[in-house]
Amino acid sequence: MAKRQLELYELVLLLKFTTDEELTRKKVDYYKDFIKDKGAQVMVKIHGKKSLEYPIKGFDIATWVQIVYLGNDDLTRQIGVEI
């Protein structure tokens, strides 16, 4: 059986919550463009503000972003380094 080249990946980001939606949008667009520039198809959904179960680095609210993309292990490693 041949190994599949591309697989579907999901990345969930919890970004520092800010009332400046433009700042959040720019950060999300940066990651979206990074993935697209590598030749992958990508879908992004910003789910908005989410209360965290416990504080992370002093924050108890985050912006929840879901990124689904078609890629491979190499792309996933590059995204991890970029983040």
Side-chain angles (χ1 to χ4, degrees):
M1 180 181 259
K3 184 177 176 184
R4 288 187 286 171
Q5 293 282 346
L6 298 176
E7 294 186 38
L8 193 61
Y9 289 88
E10 179 180 37
L11 174 64
V12 175
L13 300 175
L14 295 174
L15 302 175
K16 179 179 171 182
F17 177 74
T18 175
T19 55
D20 185 353
E21 292 181 21
E22 183 64 26
L23 183 63
T24 300
R25 171 56 61 192
K26 284 181 181 181
K27 187 174 279 195
V28 170
D29 285 345
Y30 174 81
Y31 292 125
K32 180 180 176 182
D33 292 342
F34 179 84
I35 295 169
K36 285 175 92 175
D37 289 347
K38 302 295 180 185
Q41 296 177 4
V42 62
M43 290 188 327
V44 175
K45 174 137 176 88
I46 300 175
H47 292 276
K49 183 170 70 169
K50 177 172 177 58
S51 294
L52 303 176
E53 291 294 321
Y54 54 88
I56 299 175
K57 294 188 177 182
F59 296 96
D60 56 359
I61 297 175
T63 300
W64 175 31
V65 179
Q66 179 183 23
I67 301 174
V68 177
Y69 63 96
L70 193 61
N72 57 28
D73 291 340
D74 186 48
L75 177 57
T76 301
R77 278 191 292 277
Q78 290 177 36
I79 292 168
V81 168
E82 194 62 31
I83 290 173

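Atom NZ of Lys27 and atom CD1 of Ile46 lie 12.0 Å apart (nearest 0.5 Å). For the atom pair Glu7 CD and Thr76 OG1, the distance stands at 8.5 Å (nearest 0.5 Å). Between atom CG of residue Leu15 and atom NZ of residue Lys50 there is a gap of 13.5 Å, rounded to the nearest 0.5 Å. One finds the CG atom of Asp33 at 13.0 Å from the NZ atom of Lys26 (value rounded to the nearest 0.5 Å). Atom-to-atom distance recorded for Leu8:CG and Met43:CE is 7.5 Å, nearest 0.5 angstrom.
Across every non-hydrogen atom of Glu82 and Phe34, the tightest pair is OE1-CE1, 3.6 Å. For the residue pair Leu75 and Leu70, the shortest heavy atom distance occurs at CD2-O, 4.3 Å.
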Test side chain to side chain contact (heavy atoms under 4.5 Å, CB included) applied to Val28 and Thr63, step by step: CA-CA 11 Å; Val28 170; Thr63 300; over 6 Å; no
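Other residues sharing a hydrophobic cluster with Phe17 under the 4.5 Å side-chain heavy-atom criterion for ILVMFWY residues are Ile61.
Surrounding CD of Glu21 are at most 12 heavy atoms belonging to other residues, nucleotides or ligands under 6.0 Å away. The environment of CD in Gln78 is crowded: more than 12 heavy-atom neighbours from other residues, nucleotides or ligands sit within 6.0 Å. By the 6.0 Å contact criterion, CD on Glu53 is open, its count of non-hydrogen atoms from other residues, nucleotides or ligands being 12 or less.
The hydrophobic cluster containing Trp64 also contains Leu52, counting ILVMFWY residues as joined when their side-chain heavy atoms lie under 4.5 angstrom apart, directly or transitively. Under the 4.5 Å side-chain heavy-atom criterion for ILVMFWY residues, a single connected hydrophobic cluster contains both Leu11 and Tyr30. Cluster membership check: Val12 does not share its hydrophobic cluster with Ile79, using side-chain heavy-atom separations under 4.5 Å among Ile, Leu, Val, Met, Phe, Trp and Tyr.
Legend: residues meeting ring-ring contact (aromatic ring centres under 6.0 Å, His included) with Tyr9, ordered by chain and number and at least two apart, are Tyr69.
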